[in-house]
Amino acid sequence: MSENIQHITVALPGGEQKTVPPGTAARELLLPAHKQAIAARVNGKVLDLSHPLTVDCTLEPVLPTSPEGLDVLRHSSAHLMAQAVKRLFPHVQITIGPVIDSGFYYDFKHDQAFTPEDLEKIEAEMKKIVAENFLVTREEILRDDAVRMFHDMGEHYKAEIIASIPANDVISLYRQGEFVDLCRGPHVPATGRIPAFKLTSVAGAYWRGDERNEMLQRIYGTAFATEKELKQHLALLEEAKRRDHRRVGKELDLFIFDPIAPASPFFLPKGTFIYNELIAYIRTLYKRYGYQEVLTPQIFDVDLWHRSGHYENYKENIFFTEIEGRTFGVKPMNCPGHTYIYAAKKRSYRDLPLRIADFARLHRFERSGVISGLTRVRSFAQDDAHIFCTPEQIEAEVNGVLRMVTEVYRTFNFTEMRFDLSTRPPKRLGDDATWDRAEAALAAALAANGIQYRINAGDGAFYGPKIDCIVFDALRRPWQLATIQLDFQLPERFDLRYTNSEGHEVRPVMIHRAVLGSLERFFGVLIEHCGGDFPLWLAPVQARILTITESQDAYAHHICEQMQQAGVRAEVDLRNEKLGYKIREAEVHKIPYMIVVGDKEVSSATVAPRGRKGEKIPALTVPEFIARVAAESVPGGAP
RNA sequence: GCUGGCGUAGCUCAACGGCGGAGCAACUGAUUUGUAAUCAGUAGGUUGUAGGUUCAAAUCCUAUCGCCAGCUCCA
């Protein structure tokens with residue numbers, strides 16, 4: 001047992017190697033050079049700085065600015081918050097406090113609700129604990145001892161969590177000052193290392209996320225490596241508020257909501273214009289991509305929903321109505337209706353693929369707590385279509401849909417996209433050979449389009465695998481919009497057939513697909529993406545003519561008429577106001593072109609356009625201006 | 001649905017047991033104006049709805065409708 005053969009070799013960043021006795025803390029090797037580190041990465045695993053190194057390993061610092069470091073920081077912030085809460089509200093029980101995308105939260109058992117004033121107090125206490133700069137230490141303890149310990153402390157939720165961990169496991173505790181919490185870590189070495197945090201909101205949450213359990217109080221917060229990043233994050237939240245489609249929709253007179261029809265938008269003329277343009281744009285693509293549009297009933301005998309399986313699986317979301325003793329369901333989806341169009345005549349393989357598109361209104365009952373603006377409504381339409389094809393055609397069809405999806409999102413200036421391929425779930429319909437072929441076809445179609453994708457194993461629907469398209473808006477928030485789903489079940493349930501080339505009757509495959517998804521939801525996302533500055537082709541008013549005095553009224557009317565005749569959506573502002581006032585108003589209404597006309601323009605028969613961002617555009621003749629608008633006013637044209 | 005918060009003029013918000021206000025918008029008048037707000041005046045309300053407490057309710061209580069945040073990110 002000679003001491004000197006028990007040395008370990010640690011590889012540090014930059015190729016440096018050190019030989020140290022086992023048990024040396026990671027911190028000691030990192031410290032002089034990497035004092036910013038808040039954790040250590042040992043053989044790729046993120047651990048405490050105090051972690052004793054026992055075997056040969058690679059060692060890297062984890063900085064608070066790295067994604068892993070930020071997680072550590074936020075997790076420690078959650079503990080910091082829990083400590084502050086326990087100081088201020090000793091009777092409160094702690095439960096769990098994980099890291100989330102935008103920060104962290106901690107759930108507490110507290111009989112009263114936390115108020116915004118409480119949050120301020122808690123935040124102040126957190127700052128105090130940071131100043132006290134407690135060491136954060138880790139210790140290991142047997143499970144049963146931990147259960148007893150938390151039980152004795154009156155932390156019954158904590159004890160319950162620990163009791164659900166296997167009996168022989170060693171578990172870890174983290175201590176900072178008087179506060180101790182069960183946690184697997186890692187954590188920052190001391191509370192003084194948490195520089196920038198903010199508590200953002202408080203809300204109810206169920207114990208273990210189950211609505212049958214009792215309700216806890218959840219406090220959300222966020223933390224960053226620097227004050228500057230925290231400010232940036234808070235500014236982003238402000239910007240998101242400013243762009244909120246509910247606010248923009250009101251300001252720009254796009255749509256309203258009224259309690260008389262909860263979660264069902266009333267589109268005003270300007271909003272309806274944009275809505276219809278979205279449909280018109282998709283229709284132009286349908287011509288190129290070979291879709292045929294249909295109109296189908298709004299309500300169907302409940303028999304349809306029994307046969308399709310919706311009654312069994314989706315009843316809670318369907319509006320029912322009764323008349324003449326018959327029960328009808330208002331359609332939440334178009335697919336069952338479309339099977340009737342398919343089945344209306346005998347189909348041959350020569351008829352396939354059959355692509356049926358439908359912009360029909362759909363109604364789904366959504367629980368009152370989940371509805372929100374245009375993004376979660378009870379009344380909406382989709383750019384929905386169903387493709388009936390042979391199994392051999394799946395890849396080519398999905399390929400076509402993917403091409404359309406990428407074209408559409410490019411048009412709307414969504415530059416970032418992600419695709420997820422969801423494969424067979426444990427509980428499913430159909431044989432493995434069919435699933436093999438279907439999943440392979442989807443993967444091949446993705447590959448054919450050069451699309452990188454993630455696999456969500458087991459996340460497919462029970463009736464078939466699917467591809468979801470997630471787009472990121474200007475604030476980098478993800479939205480799941482387009483979807484492509486294979487379906488082997490509905491053709492079965494509705495006994496759909498076609499005659500193949502050998503004369504046998506066989507089942508077609510159904511592909512459900514939407515590109516924009518719900519038009520309402522897409523509209524909402526588009527508003528937030530562009531902040532209300534719609535591209536020229538979608539702007540309800542493209543140009544507003546602003547006069548300086550009433551002596552230009554006749555000219556303004558004349559050129560407005562000219563523009564309208566040429567298809568430019570123009571209007572005049574003849575009000576007896578100063579130019580600055582009219583400009584401000586047009587600016588606030590996000591009108592793309594302001595056309596200033598004074599005596600100068602009248603005498604030279606020109607216009608002086610101004611862009612909505614204040615860009616000065618040299619004087620143009622009216623035909624020149626019209627040509628400019630016409631050139632820019634196409635999908636994918638001027639932003 | 002559940003937890004919490006909030007419903008006051010068209011919009012954004014004050015008043016928080018004691019006569020419901022302001023800014024913007026609207027309307028009227030004056031001003032005729034050159035690139036983000038000219039001035040003055042007028043009108044606008046059973047305080048979401050229904051009950052209750054009180055001498056007195058926008059304010060306190062109950063119910064109801066609606067809106068907002070959250071309720072899957074697992075020590």
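All values below were derived from every heavy atom in this structure, side-chain atoms included, with hydrogens, water molecules and symmetry-related copies excluded. All chains are named by letter (A, B, ...) in the order of the sequence lines, taking the proteins before the strands, and each is independently numbered beginning at 1.
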Out of the candidates Tyr311(A), Tyr314(A), Phe365(A), only one should pair with Phe320(A) under the ring pair (Phe, Tyr, Trp, His ring centres under 6.0 Å) rule; please name it. Tyr311(A)
Please report whether the ring centroid of Phe625(A) lies less than 6.0 Å from that of Tyr593(A). yes
Does A75(B) have its OP1 or OP2 closer than 4.0 Å to a side-chain nitrogen or oxygen of Arg184(A)? yes
For nucleotides U3(B) and G18(B), find the distance between their P atoms and express it as a whole number of Å. 31 Å
Is the phosphate of C24(B) approached by Tyr581(A) (side-chain N or O, under 4.0 Å from OP1 or OP2)? no
Atom P, compared across U8(B) and G45(B): separation rounded to whole Å: 15 Å
With a 3.5 Å cut-off and heavy atoms only, can you find an N or O donor on one side and an acceptor on the other between the side chain of Tyr206(A) and the base of C2(B)? yes
Can you check salt bridge (charged side-chain N to carboxylate O under 4.0 Å, His left out) on Arg367(A) and Glu316(A), steps first, answer last? CA-CA 9 Å; Arg367(A) 301 204 295 174; Glu316(A) 285 70 34; over 6 Å; no
Report the nucleotide, chosen from A69(B), C73(B), A75(B), that has the shortest atom-to-atom distance to any side-chain atom of Lys158(A). A75(B)
Output the single nucleotide from C71(B), U35(B), A36(B) whose closest atom is nearest the side chain of Val588(A). A36(B)
Just checking Gly580(A): base, sugar-phosphate only, or nothing, at a heavy-atom cut-off of under 4.0 Å? sugar-phosphate
Residues Lys590(A) and Glu251(A) bridged, charged N to O under 4.0 Å: no
Reckon Ile162(A) touches a base, only the sugar-phosphate, or nothing at all at heavy-atom distances under 4.0 Å? nothing
With respect to the phosphate group of U12(B), does any side-chain polar atom (N or O) of Lys250(A) fall under 4.0 Å of OP1 or OP2? yes
Tell me what Val202(A) touches on the nucleic acid: a base, only sugar-phosphate, or nothing, going by heavy atoms under 4.0 Å. nothing
How far, in whole Å, is C27(B) from U64(B) if one measures between their C1' atoms? 37 Å
Base, sugar-phosphate, or nothing: which does Lys582(A) touch, judged by heavy atoms less than 4.0 Å apart? nothing
Between G4(B), G70(B), A75(B), spot the one nearest the side chain of Met215(A), thanks. G70(B)
Quick one: is A36(B) close enough that its OP1 or OP2 comes under 4.0 Å of any side-chain N or O from Arg610(A)? yes
Mind checking if Gly103(A) touches a base, just sugar-phosphate, or nothing, with heavy atoms under 4.0 Å? nothing
Under 4.0 Å, heavy atoms only, any strand: does Leu546(A) hit a base, just the sugar-phosphate, or nothing? nothing
Using a 6.0 Å distance limit plus a 45 degree cone around the ring axis, check whether Arg74(A) lies over the aromatic ring of Phe104(A). no
If you measure from the C1' atom in C39(B) to the same atom in U32(B), how many Å do you get, rounded? 14 Å
Compare side-chain N and O positions of Arg246(A) against OP1 and OP2 of A69(B) and report whether any pair is under 4.0 Å apart. yes
